[in-house]
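Here's the structure, in structure tokens; my notes come after.
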Amino acid sequence: MSAKIIDGKAMAMEIRQEIKKQVEELAQKNIKPGLAVVLVGNDPASQIYVRGKEKACSEVGIASETIRLPEDTSESELLNLISGLNSRQDVHGILVQLPLPKHIDSDKIIRSIVPEKDVDGFHPINVGKLVLGLPGVKPCTPYGCLKMLQKYEIAIEGKKAVVIGRSNIVGKPVALMLLQENATVSICHSRTKELSEYTKEADILIAAAGKPFLIKPDMVKPGAAVIDVGQNKLPDGKLVGDVDFTGVSQVAGWITPVPGGVGPMTIAMLLYNTLESAKRLC
Ligand code: GUN
């Protein structure tokens with residue numbers, strides 16, 4: 001069996017086209033959605049992500065402003081900056097790139113962003129809405145995963161979904177979204193014993209562990225949908241996911257590639273959240 005490839009890149013392009021159209025419509029009402037991205041320090045992966053976000057914004061007509069701060073920026077300096085962005089009329093979305101340097105309390109920073117401009121969906125108010133199944137800003141990567149399942153008409157209701165990874169950015173929110181769609185959800189993590197006993201049962205398998213080649217073909221149920229959220233850099237510089245793509249694509253029914261799967265969808269959903277935030281605030 002050879003899995004269908006879930007083409008995140010093509011899907012993201014379609015979404016971006018639609019966003020561009022809506023941004024043009026807003027321009028007629030003199031509204032220009034604006035995103036402020038804050039990057040503290042020199043983490044190389046974060047720099048690449050932030051550049052990708054800037055480029056994507058400019059392509060769809062969203063005004064983006066990246067504030068690059070040195071590694072030794074203090075927590076109070078960052079809080080002051082965010083307070084200014086919270087009250088700016090031209091900024092509809094605020095994203096503080098994670099991870100932050102160790103001397104800064106990330107939770108405190110996230111809580112300082114007004115929930116209405118929290119385009120990451122990380123503020124406790126937005127997380128709470130997700131838990132309660134209320135409308136709110138949804139985190140970009142999990143939202144992208146859900147959109148891919150829906151676009152490819154992969155059934156979720158009543159299916160067994162297994163999420164590997166329990167991060168606040170991906171694992172926990174994607175599990176909640178799948179639960180909201182009536183899947184039966186298990187969350188596995190680094191302390192889970194006999195991981196493959198869970199994965200082999202999964203109709204939908206979301207790999208977000210950050211471990212290259214963690215998911216081998218013998219761990220996957222034939223015909224399953226496998227969504228690979230991993231972004232791992234090998235010593236030779238090659239980008240790979242958490243899934244052994246070549247092997248698993250012989251067993252799975254659907255699979256996302258890395259690169260070209262979840263990554264582009266994350267950015268597309270960030271643009272979507274920024275657009276929606278501008279519509280709500282203006
Ligand atoms: N670092 C890795 N992924 C993300 C993300 O989705 N948002 C932010 N703010 N930082 C990240």
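Below, each value reflects all heavy atoms present in this structure, side chains not excepted, and no hydrogens, waters or symmetry copies. Count residues from 1 along the sequence. What you see is a predicted model; the values in this text were computed from it and never measured. Remember, it's 1-based here, ligands and their atoms both numbered in the order they're listed.
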For residues Val170 and Ala208, report the shortest heavy-atom separation together with the two atoms involved.
-> CG1-CB, 3.7 Å
Identify the closest protein heavy atom to atom 10 (N) of ligand 1: which residue and atom is it, and at what distance?
-> Leu98 N, 3.0 Å
Between Glu65 and Arg88, is there a side-chain N and carboxylate O pair less than 4.0 Å apart?
-> yes
Start with the C-alpha gap between Met11 and Tyr152, add the side-chain angles, then the distance that decides, and say whether side chain to side chain contact (heavy atoms under 4.5 Å, CB included) holds.
-> CA-CA 10 Å; Met11 260 189 84; Tyr152 282 77; 4.1 Å; yes
Should the proximity of Leu95 to ligand 1, defined as any heavy atom under 4.0 Å, be assigned to the side chain, the backbone, both, or neither?
-> side chain
Which atom names give the shortest non-hydrogen contact between Lys32 and Gly61, and what distance separates them?
-> NZ-O, 3.1 Å
With atom 2 (C) of ligand 1 as the reference point, say which of Gln231, Met269, Gln97 has the nearest heavy atom.
-> Gln97
Does Asp120 reach ligand 1 with a nitrogen or oxygen that is under 3.5 Å from one of the ligand's nitrogen or oxygen atoms?
-> yes
Atoms of ligand 1 close to Val96 [distance to a heavy atom under 4.0 angstrom, numbered from 1] | 8 (C), 9 (N)
What pair of heavy atoms forms the shortest contact from Ile204 to Ala155, and how long is it?
-> CD1-O, 3.6 Å
Checking heavy atoms under 4.0 Å, the part of Tyr49 that sits near ligand 1 is neither
